Amino acid sequence: AFDVTDLVHEAPIEDPDAPALRLDVRVVTELAWHGLFIRHMLRRPEREALDRIVADFTVINCPSFKADPAVDGTRTDTFILVNFGKKMIIAGGTQYAGENKKGIFGVLNYLLPAKGVMPMHCSANVGPEDDVALFFGLSGTGKTTATGTLGRSFGYLSDETSVIEPSTLSISPFPKPLSVLEARGMRPKTQQGPDDLGLGPTLPDARLARIAVLDRVRHPAGPVTPRA
């Protein structure tokens, strides 16, 4: 069992462990490395607290179980099902460990706005007047690149998740390490801390000022070769 309080731990509330924002999650995985992934992604309670936790949501991830599009009405044999009535997420037909995290993010994005908190999948920088620019985009469109580049001149808030309080437009930072490529196009990505990359400070009293949507379009002339 895990809880995801730390995903919104900077929300504008007095107690970061406030029950109103806490979501206790039990994750059942077929693959051991999926369990290792989610253990590092979410905050795990102390061992003595596990016996007292009743899961608010259960995630079951079984990559070897595939859908039959002809029978199940799916487009492929991969499926991710969310049932708010049964408080359950079931993923199958994919070994992508991110579905464990993304499923919970999706649940939070549905539940938390009604509680005055809006978590968003975006990167964020803050200017000298506490004015925040949010960068939205699909994976691979350059959120981390934009935030890391701008962060050398401005403040850094997050390259992954930002929390917005809708009534005031205040932005609570989530200054996690950045996922960067060591060399152009070379994977896997590595995690590098904001201080290691020389990024600006994280400011706690920032307000939303601008939103940008990023997209990556193939250049008609082919790949652009960087100059020295």
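Basis for what follows: all heavy atoms, side chains included, without hydrogens, waters or symmetry-related copies. No experiment lies behind these values; they were computed from the predicted model shown.
You'll find the side chain of V117 reaches within 4.5 Å of the side chain of V163, heavy atoms only. The shortest side-chain heavy-atom distance between F105 and T161 falls under the 4.5 Å cut-off. Looking at heavy atoms from C-beta onward, I89 lies in side-chain contact with I104 at the 4.5 angstrom threshold. Side-chain contact between Q95 and L31: present, with at least one pair of heavy atoms (C-beta onward) separated by less than 4.5 Å. Looking only at side-chain heavy atoms (C-beta outward), I90 and N83 stay at 4.5 Å or farther from each other. Counting only heavy atoms from C-beta outward, the side chains of L208 and I211 approach each other to under 4.5 Å. Side-chain contact between L134 and S162: present, with at least one pair of heavy atoms (C-beta onward) separated by less than 4.5 Å. Here the side chains of P177 and Q192 are not in contact, with every heavy-atom distance at 4.5 Å or above.
Hydrophobic cluster membership is shared by M120 and L157, with clusters built from Ile, Leu, Val, Met, Phe, Trp and Tyr side chains linked at under 4.5 angstrom. A continuous path of ILVMFWY side-chain contacts below 4.5 Å connects L108 to F37, so both sit in one hydrophobic cluster. Linking ILVMFWY residues whenever their side-chain heavy atoms come closer than 4.5 Å, directly or via other members, leaves I38 and L36 in distinct clusters. Hydrophobic clustering (ILVMFWY, side-chain heavy atoms < 4.5 Å, transitive): V82 and V25 are in one cluster. Note: the hydrophobic cluster containing V126 also contains M118 (ILVMFWY, side chain heavy atoms under 4.5 Å, direct or indirect links).
Counted within 6.0 Å of CG on L138, heavy atoms from surrounding residues, nucleotides or ligands total 12 or fewer; the atom is thus considered open.
Residues M88 and F57 share a closest heavy-atom pair of N-CE2, 3.5 Å. Heavy-atom minimum distance, G93 versus K66: CA-CG, 4.0 Å. Taking both residues in full, the closest heavy atoms of S158 and T147 are given as O-CG2, 3.5 Å, listed atom of the first, atom of the second, then distance. Across every non-hydrogen atom of G137 and H121, the tightest pair is O-CE1, 4.5 Å. Minimum heavy-atom separation, P194 to Y156: CG-CE2, 3.5 Å. In plain terms, the two heavy atoms of V54 and D24 that are nearest each other are O-CB, 3.9 Å.
Between the K176 side chain and the D159 main chain, no donor and acceptor come within less than 3.5 Å of each other. Of the possible donor and acceptor atoms, none in the side chain of D72 sits under 3.5 Å from a partner among the backbone N and O of P69. In terms of modelled atom types and a separation under 3.5 Å, the side chain of S123 and the main chain of K143 share a donor-acceptor contact.
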Check step by step if side chain to side chain contact (heavy atoms under 4.5 Å, CB included) holds for T78 and I80.
CA-CA 7 Å; T78 297; I80 294 89; 4.2 Å; yes
Would V59 and R26 count as a side chain to side chain contact (heavy atoms under 4.5 Å, CB included) here? Give the steps.
CA-CA 6 Å; V59 180; R26 175 165 285 107; over 6 Å; no
Walk me through it: do C122 and F135 pass the test side chain to side chain contact (heavy atoms under 4.5 Å, CB included)?
CA-CA 5 Å; C122 61; F135 299 94; 5.7 Å; no
Output, in order, the C-alpha distance, side-chain angles, deciding distance and verdict of side chain to side chain contact (heavy atoms under 4.5 Å, CB included) for V27 and T29.
CA-CA 6 Å; V27 182; T29 64; 3.7 Å; yes
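Between Y110 and F84, the angle of the ring planes lies from 30° to 60°, which puts this pair in the tilted group.
In this structure, L197 CG and L178 CG are separated by 5.5 Å, a value rounded to the nearest 0.5 Å. Note that the CG atom of D68 and the OG1 atom of T74 stand 7.5 Å from one another [nearest 0.5 Å]. Rounded to the nearest 0.5 Å, atoms CG (L81) and CD1 (I60) are 10.5 Å apart.
D131 and R207 are not joined by a salt bridge, as no carboxylate oxygen comes within less than 4.0 angstrom of a charged side-chain nitrogen.
Using modelled atom types, one finds a donor on one side chain and an acceptor on the other under 3.5 Å when comparing E30 with S64.
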